[in-house]
Visitor: 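Structure below; questions to follow.
Proteins get letters first, then strands, A, B, ... in listed order; numbering begins at 1 in each.
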Number of protein chains: 2
Amino acid sequence: MSSAAKDIAPSAPKTARGARTRARILKAAEDTFGTLGYHRAGISDITRAAGVAQGTLYCYFSGKEEILRELVRDMGHKVRAHLAASVIGARDRLQAEELGLRAFLEYVSANPSLYRVLQEAQFVDEAIFREYYEAFGKGYMRMLADATRKGEVRPGNDEIRVWALMGMSNFLGLRFALWDQDRSFDEVVATISDLFRNGLALDGKEKA
Amino acid sequence: MSSAAKDIAPSAPKTARGARTRARILKAAEDTFGTLGYHRAGISDITRAAGVAQGTLYCYFSGKEEILRELVRDMGHKVRAHLAASVIGARDRLQAEELGLRAFLEYVSANPSLYRVLQEAQFVDEAIFREYYEAFGKGYMRMLADATRKGEVRPGNDEIRVWALMGMSNFLGLRFALWDQDRSFDEVVATISDLFRNGLALDGKEKA
DNA sequence: AAGAAACCTGATTCAGTTGTCATATTGTGA
DNA sequence: TCACAATATGACAACTGAATCAGGTTTCTT
């Protein structure tokens, strides 16, 4: 598993052609992992989809796991960029939550493979999975803390809240963006927004 | 993969000894999947842990996947029983949520293997994973609807809410019961309870 | 156009896995 | 005690799929 020469990543491509091939392999892996799952997908499935020979894959990646790691990193960048852009211009934190949730659902819907890959990474390389959510959570916590300072959000334990919020998004994405789109994103966002603004309980706030 | 005789499950044990052996294998599989993960765990790892020969496993299960399915069903029963028991005597829905969340965190903490197995089942046999959450969600929705009728909970889309709530529990379990217990369950429960009672926003309810 | 560097090939190797089956053991009812 | 049915064994045949590498092809530079 760690035979010295196995773990070091092959050199990066030096020409445009190489970069193109590497990118083709990555895209093919995303599709293949997305439809077949990481374990069912063989190297030969990926290289066939990419239209290259088996050995070519090892010019750019040390193996299957490194491809997965690369894809998770990719997903991290893309999701964060998409959400950050979606939230620009939000009036307050609550509206930012609405915009962010909608953007997340849209992202999952448009990139089902990457989303699946991320979830599966949990069981292939837990470290990179945690890294993703801890990075995500850190930024999220900062935003909540800011919002609390501005008086938009009740004070509370933001670390716990952030994990709760990420869990919500995760399951809503799974159910309403990946599995069945039988509820409009509007309806999902509205329901969660109501939870954030008013809680679940019918009786009023303890302190207004 | 589906060679006719492969899918039919071997007959159930006819004697107490057989039942005992079957149970030993199941427990060993739970532990082995829990520590190594489903894919890294080999049949030989399971049978070694159970103290039986390789062939014995095939007396009771058609293969690795069937063991996983059995474990997920098991987890479903146990979690539901544990939560149902924990919620008895709750004054209202909000208190039931508190009790239920705490019971869930305790269950995960006490049964990390089963929890991991459930999550991993998503990528081995998605149907049984969905089955678990849809069954869970159905009961949950009924309880929310009852609570709404009693005036304990704001009216809203309970299907969406339930998936959000399950997602919260799932991530809180992962982070604070499975990975690091650096927050007491009390603190987690209190934070989420505050969210349910008062929302995230500082300003008051739209309708009291 | 020659030479060099980067890139690509794919049959083959090989470590590891599952599932089988002929045989042995155990327990039970008559 | 004997017969026989259920249970258990474990060596191994058959298979899988990741990774290799010796050699071929393309592209770039001068």
Visitor: Would you mind reporting whether B:Leu83 and B:Phe104 have side-chain heavy atoms less than 4.5 Å apart?
Guide: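 In contact.
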
Visitor: A:Ile25 CD1 to C:dT9 C1': how many Å, rounded?
Guide: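 Taking atom C1' of C:dT9 as the reference, CD1 of A:Ile25 is at 12 Å.
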
Visitor: When the distance from CZ of B:Arg20 to C1' of D:dA6 is rounded to whole Å, what number comes out?
Guide: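 Taking atom C1' of D:dA6 as the reference, CZ of B:Arg20 is at 13 Å.
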
Visitor: Using atom NZ of B:Lys64 as one end and atom C1' of C:dT18 as the other, report the distance to the nearest whole Å.
Guide: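 Answer to the nearest Å: 9 Å.
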
Visitor: In terms of ring plane angle, is the pair A:His39 and B:His39 parallel, tilted or perpendicular, where the classes change at 30° and 60°?
Guide: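 A:His39 vs B:His39 ring planes: parallel.
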
Visitor: Would you please say whether a donor-acceptor pair under 3.5 Å links the side chains of A:Asn111 and A:Glu30?
Guide: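 Short answer, no.
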
Visitor: With sequence neighbours excluded, what pairs up with B:Tyr140 under the ring pair (Phe, Tyr, Trp, His ring centres under 6.0 Å) test?
Guide: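 With neighbours one apart ignored, the set is empty.
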
Visitor: Pull out every residue in residues 29-50 of chain A that has a heavy atom closer than 4.0 Å to any atom of DNA chain C, ordered by number, or say none.
Guide: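 Contacts with DNA chain C under 4.0 Å: none.
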
Visitor: Please state whether the phosphate of D:dT7, meaning OP1 or OP2, lies under 4.0 angstrom from any side-chain nitrogen or oxygen of B:Thr21.
Guide: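 No, outside the criterion.
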
Visitor: Can you measure B:Glu65 atom CD to C:dG19 atom C1' for me and round it to whole angstrom units?
Guide: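 Result: 15 Å.
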
Visitor: Is the ring centre of B:Phe171 less than 6.0 Å from the ring centre of A:Tyr133?
Guide: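 Yes; A:Tyr133 has its ring centre under 6.0 Å from that of B:Phe171.
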
Visitor: Between A:Gly55 and B:Gly55, which residue's closest nucleotide on DNA chain D lies nearer the 5′ terminus?
Guide: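 On the 5' side of the pair lies B:Gly55.
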
Visitor: Once you round it to whole Å, what is the distance between C1' of C:dA22 and CD of B:Gln54?
Guide: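 Checked: the CD to C1' distance equals 17 Å.
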
Visitor: Considering only D:dT7, C:dC7, D:dT9, which nucleotide approaches the side chain of B:Thr15 most closely?
Guide: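 Selected nucleotide: D:dT7.
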
Visitor: Check the distance between C:dA6's P and A:Arg22's CZ and give it to me in whole angstrom.
Guide: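 A:Arg22 atom CZ is separated from C:dA6 atom P by 17 Å.
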
Visitor: Given atom CZ of B:Arg17 and atom P of D:dA5, what is their separation to the nearest angstrom?
Guide: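 Distance check: B:Arg17 CZ to D:dA5 P gives 16 Å.
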
Visitor: Taking CZ from B:Phe61 and P from D:dA8, how many angstroms apart are they, rounded to a whole number?
Guide: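 Rounded to the whole Å, the gap is 12 Å.
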
Visitor: State whether A:Arg116 and B:Glu126 are salt-bridged, where the test is any N-O pair (Lys NZ or Arg NE/NH1/NH2 against Asp/Glu carboxylate O) under 4.0 Å.
Guide: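 Salt bridge flag = no for B:Glu126 with A:Arg116.
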
Visitor: Of the nucleotides C:dC7, C:dC8, D:dA8, which has the atom closest to the B:Tyr60 side chain?
Guide: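 Per side-chain heavy atoms of B:Tyr60, the pick is D:dA8.
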
